[in-house]
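Sharing a structure with you now.
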Amino acid sequence: MVGQGGSSLSPLAQDALDALVTALPNERELTYEQAYAILDEKEDLGRPGAEDIIERLYNKGHLYEVEGKIRLTDYGSE
């Protein structure tokens with residue numbers, strides 16, 4: 001899944017973002033612990049790898065933080 005204008009994410013980061021989007025609850029936000037667990041389960045990333053991917057996605061503007069929880073930008077909405 002690639003948003004408008006393509007993506008400069010690595011394949012692993014793109015897969016991680018897809019996994020987070022797929023697992024996003026109705027509240028449209030995740031705790032960091034939930035995000036780490038999703039990435040561990042779906043992408044076989046341990047805690048250090050999951051933290052690194054979350055930071056990359058944050059720095060590239062694919063997610064943001066509100067009151068200590070992760071929210072995804074309007075990724076994949078059509």
Side-chain angles (χ1 to χ4, degrees):
M1 219 151 118
V2 177
Q4 289 181 334
S7 174
S8 60
L9 294 175
S10 69
L12 177 58
Q14 186 64 55
D15 289 346
L17 182 56
D18 290 341
L20 292 172
V21 168
T22 302
L24 194 63
N26 291 336
E27 298 82 35
R28 312 267 314 147
E29 64 184 19
L30 297 163
T31 65
Y32 280 92
E33 293 304 318
Q34 288 171 318
Y36 299 148
I38 290 164
L39 295 179
D40 187 32
E41 179 184 331
K42 306 269 186 191
E43 299 301 320
D44 198 28
L45 291 172
R47 179 68 175 246
E51 288 175 350
D52 182 57
I53 291 293
I54 294 289
E55 183 177 347
R56 287 184 199 189
L57 294 172
Y58 177 83
N59 289 336
K60 295 227 178 227
H62 292 280
L63 41 102
Y64 59 101
E65 182 180 323
V66 175
E67 296 181 0
K69 294 191 178 177
I70 297 170
R71 293 186 183 175
L72 281 69
T73 57
D74 288 336
Y75 174 76
S77 61
E78 298 176 15

Review point. In this structure, which one of I54, T73, V21 forms a side chain to side chain contact (heavy atoms under 4.5 Å, CB included) with L63?
Key: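 Only one of I54, T73, V21 forms a side chain to side chain contact (heavy atoms under 4.5 Å, CB included) with L63, namely I54.
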Exercise for review: Look up atom CD in Q14 and atom CG in L9, then write down how far apart they are to the nearest 0.5 Å.
Suggested key: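 That separation rounds to 5.0 Å.
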Practice item. Could you note down all residue pairs passing salt bridge (Lys or Arg N to Asp or Glu O under 4.0 Å) where residues 29-41 supplies at least one of them, sequence neighbours left out? Key: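 Listed once each, the pairs are E29-K69, E29-R71, E33-R47.
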Practice item. Give a yes or no on whether Y58 atom OH has more than 12 heavy-atom contacts from other residues, nucleotides or ligands under 6.0 Å away. Key: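 Atom OH in Y58 is not crowded, with 12 or fewer foreign heavy atoms closer than 6.0 Å.
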Check your understanding: Which atom names give the shortest non-hydrogen contact between A16 and E43, and what distance separates them?
Key ->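 Heavy-atom minimum between the residues: CA-CG, 4.1 Å.
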Practice item. With sequence neighbours left out, write down each residue that passes side-chain contact (heavy atoms from CB on, under 4.5 Å) with Q34, or none if nothing qualifies. Key: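 Testing Q34 for side-chain contact (heavy atoms from CB on, under 4.5 Å), a comparison that skips the adjacent residues, returns L30, T31.
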Practice item. Could you check if a side-chain atom of L17 sits within less than 4.5 angstrom of a side-chain atom of I53, using non-hydrogen atoms only? Key: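 No; the side chains remain at least 4.5 Å from each other.
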Practice item. Find the distance between CG (D18) and NZ (K42) and round it off to the nearest 0.5 Å. Key: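 D18 CG to K42 NZ: 11.5 Å, rounded to 0.5 Å.
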Check your understanding: Would you call L20 and H62 a side-chain contact if the rule is heavy atoms closer than 4.5 Å?
Key ->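 No; the side chains remain at least 4.5 Å from each other.
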**Study point:** Minimum heavy-atom distance Y36-A50, with the two atoms named
**Key:**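 Here Y36 and A50 meet closest at CD2-CB, 3.8 Å.
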Review point. For D44, does the CG atom sit with more than 12 other heavy atoms under 6.0 Å from it, leaving out its own atoms?
Key: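 For D44, atom CG is not crowded (no more than 12 foreign heavy atoms under 6.0 Å).
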**Study point:** Shared hydrophobic cluster, Y64 / I38 (ILVMFWY, side-chain heavy atoms < 4.5 Å)
**Key:**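 In one cluster: no.
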